[in-house]
2 protein chains.
Amino acid sequence: MSTEPVWPDELFADLERTGPVPLYFQISTRLERAIREGVIPSGARLENEIAIGERLGLSRPTVRRAIQELVDKGLLVRRRGIGTQVVQARVSRPVELTSLNEDLTRVGHHPATRVLSLERVPADEEAAAQLNLAIGTEITRIRRVRSADGTPMAILINLLPPEFSDITVEDLERRGLYEIMRSRGVTIKIANQTIGARRTHDDEHELLDIAKGSPLLTMDRVAFDHGGRAVEAGHHCYRPDLYSFETTLVSR
Amino acid sequence: MSTEPVWPDELFADLERTGPVPLYFQISTRLERAIREGVIPSGARLENEIAIGERLGLSRPTVRRAIQELVDKGLLVRRRGIGTQVVQARVSRPVELTSLNEDLTRVGHHPATRVLSLERVPADEEAAAQLNLAIGTEITRIRRVRSADGTPMAILINLLPPEFSDITVEDLERRGLYEIMRSRGVTIKIANQTIGARRTHDDEHELLDIAKGSPLLTMDRVAFDHGGRAVEAGHHCYRPDLYSFETTLVSR
DNA sequence: TTCGTGCTATTGTTAGGACAAATGCACCGG
DNA sequence: CCGGTGCATTTGTCCTAACAATAGCACGAA
């Protein structure tokens, strides 16, 4: 027995079969939106993959790939012999490879950035190891405070390899760092992150407007381009009452 | 032009073509081990997908799927027109859907668990919301201290729905919670996690043998089974000098 | 009743083929 | 010398097809 269709036909009426956007991607994004907006209710069972394919005029592998995208995101669950269902749990978007800047904008806050310092310094041992450079190489060191709606949320320290030595304070106050790097043709493919906690140091409590010695949430990140070259190292700390990291884990 | 083979033929000599383990999975696990052990060096370029398939007697989709697994894990990078390369960055295993217990064992530590309390309590508003039960439903509340090699590392609080009301202290000291749940046929498919930081409360500093009011790394988790039913809620806190969360992010 | 057996529905795996798109390189013309 | 054109290489997308494995259900036997 086939399940009744759970979405209106209009949802997939405007598929671009010739454009540059892959079909499976068009399907999965439309499906995701329908699920997040509640058009397809939580717990609903989808039709089987072949029936969906017939209804949309697509092959099973294409439909399957679209569904797989959402399974990976934790929005759908598949069970052999049973079918595919919309997950009933609320699913949070994962920690993504975006800047804090973009995160905040998406949630509807107004981010602002104050550049505390922008200097060229010789790489110490740690920085050299992270960026895979010789000790003493001139790197760019940025220290910023990021606020949302006027409240300081985080202190961001970034170390950049020599090729970014001409970045200006104006650039940094206007756009996020990742945006600047992208506009120079540097695409970040992979990042290693470590999330931890510690007390405030030095002037951090003043910058974040919290008590001296209170806890901070920290995130250290080294980012690499497609060739595996380290293009950025970051040492960030966040006010734990204003910021946390959310993830959804999916077992396979 | 085809690239020279980068792995010894023995690597894939013992593929089980009839067994229950999928071929793509056998390939990807062997490849992953070879990369992590350095048998295939960092930065090496793989043969093209079709050539690999011919050498192994497999079709391109199967080879492609095996490679995709490692791309998702951040071990390989693909570029159209170029080929597939081993990532040069060190890649950490992601935060997985495993218990802390299993994490520690894998890294070679000796975990031990002390059960502080195991009680049945009525669900308060927060717990009821997390486990999707009526307020006042009797749930099981566990509080444990997890140590590695004799040093306390974390305080674990878990809330379980009524069906687990018969869990005993002996169970919990012998096996990890997730292991117990699995043995009862409850498989966790999805979990939502929030990682943050705060000060110690109450007796936490004593249990973890740190200064009163010092920072803690916290992780709150709600786990769901395949049907989207909440089967566990956890409120954990870790000594930040002994524990941190590592992830690798891959952009797509 | 209860247990097992077999049927049906559905996803999981594998194969083989075709064309599209991007990249790097050699080559050629200005 | 420089820039563009075209080609070879390789991954990206999409299709058709077949069979395996699993879960649930109906049915029948003990």
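First the proteins, then the strands, lettered A, B, ... as listed; each starts at 1.
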Exercise for the section: Step by step, work out the salt bridge (Lys or Arg N to Asp or Glu O under 4.0 Å) result for A:R120 and A:E138. Expected result: CA-CA 6 Å; A:R120 261 156 291 173; A:E138 282 240 320; 5.1 Å; no

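- Atom CG of B:L58 and atom P of C:dG16 are 9 Å apart (whole Å).
- Using a 4.0 Å cut-off, some side-chain N or O of A:T84 falls inside it from OP1 or OP2 of C:dT11.
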Handout entry: Derivation of the salt bridge (Lys or Arg N to Asp or Glu O under 4.0 Å) call for B:D166 and B:R184
Key = CA-CA 12 Å; B:D166 56 335; B:R184 289 164 168 245; 3.0 Å; yes

Handout entry: Full working for side chain to side chain donor-acceptor pair (under 3.5 Å) between B:Q68 and B:Y24
Key = CA-CA 10 Å; B:Q68 187 61 47; B:Y24 75 86; over 6 Å; no

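- The side chain of B:R64 sits closest to D:dT13 out of C:dT11, D:dT13, C:dT13.
- For the pair B:R36 and B:E32, the salt-bridge criterion is met [side-chain N within less than 4.0 Å of a carboxylate O].
- Here the side chain of B:R80 is nearest to one of C:dT10, D:dG12, D:dT13, namely D:dG12.
- Nearest to the side chain of B:E49, among C:dT14, D:dT13, D:dT11, sits D:dT11.
- Comparing B:I82 and B:G19 against DNA chain D, the residue whose closest nucleotide sits nearer the 5' end is B:I82.
- As rounded to whole Å, 12 Å separates atom P of C:dA15 from atom CZ of B:R65.
- In this model, a side-chain donor or acceptor of A:R60 finds a partner on the base of C:dG12 within 3.5 Å.
- More than 12 non-hydrogen atoms from other residues, nucleotides or ligands lie less than 6.0 angstrom from CG of B:D225.
- Counting to the nearest Å, the P atom of C:dT23 and the CD atom of B:Q85 are 14 Å from each other.
- If you take CD1 of B:I50 and P of C:dA18, they are 12 Å apart, rounded to a whole angstrom.
- Rounded to whole Å, the distance from CZ on A:F25 to P on D:dC14 is 12 Å.
- Look at CD on A:Q26: it is 12 Å from P on D:dT13, rounded to the nearest Å.
- Nucleotides of DNA chain C nearest to B:Y24 and A:T18 differ in position, and the one nearer the 5' end is that of B:Y24.
- In this structure, the nucleotide among C:dG16, C:dT11, C:dT13 sitting nearest to the side chain of B:S59 is C:dG16.
- Between D:dT16, C:dT11, C:dT14, one nucleotide has an atom nearer to the side chain of A:P61 than all others, and that is D:dT16.
- Atom CZ in A:R17 sits about 13 Å away from atom C1' in D:dT13, given to the nearest Å.
- Between B:L76 atom CG and D:dT11 atom P the separation is 11 Å, expressed in whole Å.
- In this structure, the nucleotide among D:dG12, C:dT11, D:dC14 sitting nearest to the side chain of A:L23 is D:dC14.
- Comparing B:G81 and A:R79 along DNA chain C, the residue whose closest nucleotide (by nearest heavy atom) sits nearer the 5' end is A:R79.
- Closest contact between the side chain of A:R45 and the listed nucleotides C:dT10, D:dC14, C:dG12 involves C:dT10.
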